[in-house]
Amino acid sequence: MSEILLKANQLSKNYGKVKAVTNLSFEIRKGSVYGILGPNGSGKSTTLGIVLSVVNASSGNFEWFEGALDTQKALKKVGAIIERPNFYPYMSARENLELVCLIKEIPNSAIEKALKEVGLEDRSEDLFSTFSLGMKQRLAIASALLNDPEILILDEPTNGLDPQGIHQIRVLIQYIASKGTTILLASHLLDEVEKVCDQVIILQKGKSIYSGSVQEMGKSGAYLLVGAIDIEQLTAHIKQSQNFEILGKEGSFLKIKTNHSPESINKYFSEQGIFLTHLSSHQKRLEELFLEITNA
Amino acid sequence: MKRLFLIEYHKIKHSRSSIILISAYFVFLTLIALIAAIKFDIGPIEFHLADQGIFNFPLIWHFNSFIAAFFKLFLAVVIVSMISNEYSNRTLKQNLIDGLSKKEFLASKVIVVAVFSGLSTLFVALISLILGMIYSDYTEISIVFSELHFLLLYFLKLFGFFSLCLFLGILIKRSAFALGFLIVLLIGEQIAWGVGGELLAEYGNFATKTDAFSFASQIKGFFPLQASFNLLHEPFTRLSAIQSVAKELGEEIVLNYQTTMKEIGIALVYILLYLWGSLNILKKRDL
């Protein structure tokens, strides 16, 4: 098992009577790309705020790098953008990054590389206030990458961006992930998470309702579409069998759930004298599974 | 310490509005020198302010630090807006996410407060020294460098006032409201003193109204702005011209110009309260 970078234990946050996060526990391990999914108001940003020390937890605790570093020292090894890019509007991109270098205690030599990675090297002397939202978001990613972070935390990184901006940020995240950087991505855009994450934590009303790999989650929603010359015979047989569960009909095909592979099923039915005219394997998209899990 | 100073220096040196206000402050401080130019002739009366003894050592340390303290509002605006901008631009949140602790954030602002107070004190000392060397009747070393404690009190006065501004900036988060609150506090202290004095005169066990107001003034000394003001008592009645006029009117002005340990203690307690309060707000408030 890989090293645990962040471990949250029974985190809760109440705003008056409103329970934003309730007894949330999770682990972030090195080398994976995690997605925190949930509808607006599910507690994603609050959870990230707690582990980044900008929101005080009502109860519970968390530790970075298996307790080897206190939170403030640990955050110097983390790159994070919460909700929207926060910079000094009267400073240029480079001046803002110089300030981040001072805070993180890293040399200014890291700036050039970070600006290049996000494609802002030509705008480095321009004031932050003159940047478009997409450029601001890219500058925020450059800032988060300055210290070559062990983990990159992104909260709704494509919020408010136009399609081109969304694409640029997605490509950037995939590029960063491909370098082996651990990423924790909070989003309510399931397509975004499905494309880049291999682990997901699904939150609803501040509680974790699913935590596991995207692949496992996909498997749990896998189904087969089967067709036969005699569909009545097929249906009757499936109903009697313990190995199948009929999920419904899709056109003239049956939608079934089983633990067996398509090859073994084809062989099984032909042995039973039922000849299949159609057999295809399908997986539900993350969006469908998410809506099922959250009962939306 | 050096890192925290460099962080704040980086923030301020790129802020045009801060640079303008800081420059304006030091220009206005320099204008104290223009007092020396105040001259008027009314018939047989020739009046030259510089000749009235205000630039005599050691009075000049007292006089100049008292006058210069009124210009502190320029730097107060810089401090309050510096804090409120950290909130409105959400850069405070980002600074913390980037690895600055809340204690370090406050410490960096306290360093700014200390540097502003220190620079202003040095500047006032320099101007006073130059003006004194030009206009003072006494330039013996022992006299020139006596009563330098007024400069320390000036530093403490500025540090205390800027600490209050820092606290209000953190508490209120909006520069206009924080500065507005300062004005309300100033007026409120005067009203409380006036109303309190009248009530004490009416219902208190005081022989005269003057006694009642004298007691009200003692109480007022515990109010935040008055505590700061009391660090430097007014110097005007020390002027020989004023003393002569008083004598001619049959009055003798006997005032203690020295700041008491009690007054210094009150100011120090307030500074500790402002800093402790600021840290607690930062720690407890979610961003």
Side-chain angles (χ1 to χ4, degrees), chain A residues 13-15 20 45-46 48-58 64 69-92 94-106 108 127-129 136 139-140 143-144 146-147 149 153-155, chain B residues 1-23 77-79 81-109 111-112 169-170 173 175 279-287:
Chain A
K13 176 66 186 177
N14 306 328
Y15 292 105
S45 297
T46 304
L48 295 184
I50 290 171
V51 298
L52 292 169
S53 274
V54 290
V55 174
N56 296 309
S58 302
W64 285 97
L69 296 174
D70 67 38
T71 305
Q72 241 49 54
K73 282 183 182 148
L75 289 180
K76 286 179 184 157
K77 293 178 157 216
V78 173
I81 309 161
I82 298 294
E83 288 167 351
R84 64 172 196 177
N86 303 317
F87 289 102
Y88 295 87
Y90 57 82
M91 285 190 211
S92 71
R94 184 183 300 280
E95 287 158 359
N96 268 298
L97 295 187
E98 281 169 0
L99 184 64
V100 178
C101 285
L102 274 171
I103 293 172
K104 287 187 183 279
E105 296 180 270
I106 48 175
N108 283 354
L127 291 184
F128 175 72
S129 57
K136 286 177 178 173
L139 180 65
S143 160
L146 274 176
N147 53 340
I153 297 178
L154 304 167
D155 185 13
Chain B
M1 183 92 164
K2 187 185 166 194
R3 170 175 154 257
L4 298 180
F5 170 75
L6 288 175
I7 287 170
E8 286 308 310
Y9 177 65
H10 191 86
K11 288 177 187 175
I12 291 174
K13 80 174 175 187
H14 294 294
S15 167
R16 196 181 296 173
S17 55
S18 296
I19 295 294
I20 290 171
L21 276 168
I22 293 167
S23 307
V77 173
V78 175
I79 288 165
S81 56
M82 180 176 76
I83 298 292
S84 60
N85 286 343
E86 297 274 16
Y87 277 102
S88 57
N89 295 328
R90 295 191 184 200
T91 42
L92 164 57
K93 189 176 180 175
Q94 193 61 42
N95 282 180
L96 299 183
I97 289 171
D98 287 337
L100 202 66
S101 71
K102 289 175 179 174
K103 250 186 202 165
E104 283 178 324
F105 179 81
L106 182 65
S108 69
K109 299 300 179 195
I111 288 172
V112 174
I170 289 174
K173 298 195 282 185
S175 49
L279 185 62
N280 267 284
I281 293 168
L282 280 174
K283 276 186 175 171
K284 286 184 180 163
R285 188 186 275 162
D286 292 330
L287 295 166

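Residue numbers start from 1 in every chain, and the chains themselves are labelled A, B, ... in the order their sequence lines are given, proteins ahead of strands.
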(message) Minimum heavy-atom separation for Ile97(B) and Leu75(A), please, with both atom names.
(response) O-CB, 3.7 Å

(request) Could you list which of residues 95-105 of chain A have a heavy atom closer than 4.5 Å to any heavy atom of chain B, in residue-number order? (result) Glu95(A), Glu98(A), Leu99(A), Val100(A), Leu102(A), Ile103(A), Lys104(A), Glu105(A)

(message) Under a 4.5 Å cutoff for heavy-atom pairs, which residue among Val55(A), Asn56(A), Leu52(A), Ile50(A) has the most contacts with chain B?
(response) Asn56(A)

(message) Under 4.5 Å from any heavy atom of chain A, what part of Ser18(B) do you find: side chain, backbone, both or neither?
(response) neither

(message) Using side-chain heavy atoms (C-beta onward) and a distance below 4.5 Å, is Pro89(A) in contact with Asn89(B)?
(response) yes

(message) Using every non-hydrogen atom in the two residues, find where Tyr90(A) and His14(B) come nearest and quote the distance to one decimal.
(response) CD1-O, 3.1 Å

(message) Within the 4.5 Å heavy-atom criterion, are Arg90(B) and Arg84(A) side-chain neighbours or not?
(response) yes

(message) According to salt bridge (Lys or Arg N to Asp or Glu O under 4.0 Å), who are the partners of Lys93(B), at least two apart in sequence or on a separate chain?
(response) Glu83(A)

(request) Check His10(B), Gln94(B), Glu86(B) against Tyr88(A) for a side chain to side chain contact (heavy atoms under 4.5 Å, CB included) and give me the one that passes. (result) Glu86(B)

(message) Does any part of the side chain of Lys102(B), heavy atoms only, come nearer than 4.5 Å to the side chain of Gln72(A), both counted from C-beta?
(response) no

(message) If you count every heavy atom of other residues, nucleotides or ligands that lies below 6.0 Å from Lys13(B) atom NZ, does the total exceed 12?
(response) yes

(request) Against chain A, label Asn95(B) side chain, backbone, both or neither, depending on which of its atoms sit under 4.5 Å from a heavy atom there. (result) both

(message) Counting only non-hydrogen atoms closer than 4.5 Å, does Lys13(A) touch chain B with its backbone (N, CA, C, O), its side chain (CB onward), both, or neither?
(response) side chain

(message) Quick check on Tyr87(B): does its OH atom have over 12 non-hydrogen neighbours (other residues, nucleotides or ligands) under 6.0 Å away?
(response) yes

(message) At under 4.5 Å between heavy atoms, what parts of residues 279-287 of chain B are in contact with chain A? List them by residue number.
(response) Lys283(B), Lys284(B), Arg285(B), Asp286(B), Leu287(B)

(request) Supply the atom-to-atom distance Ile82(A) CD1 to Leu96(B) CG, rounded to the nearest 0.5 angstrom. (result) 12.0 Å

(request) Apply ring-ring contact (aromatic ring centres under 6.0 Å, His included) to Phe128(A) and list each qualifying residue two or more places apart in sequence or on a separate chain. (result) Phe87(A)

(request) First locate atom CG of Leu146(A), then atom CG of Asp98(B), and finally report the distance between them rounded to the nearest 0.5 Å. (result) 8.5 Å

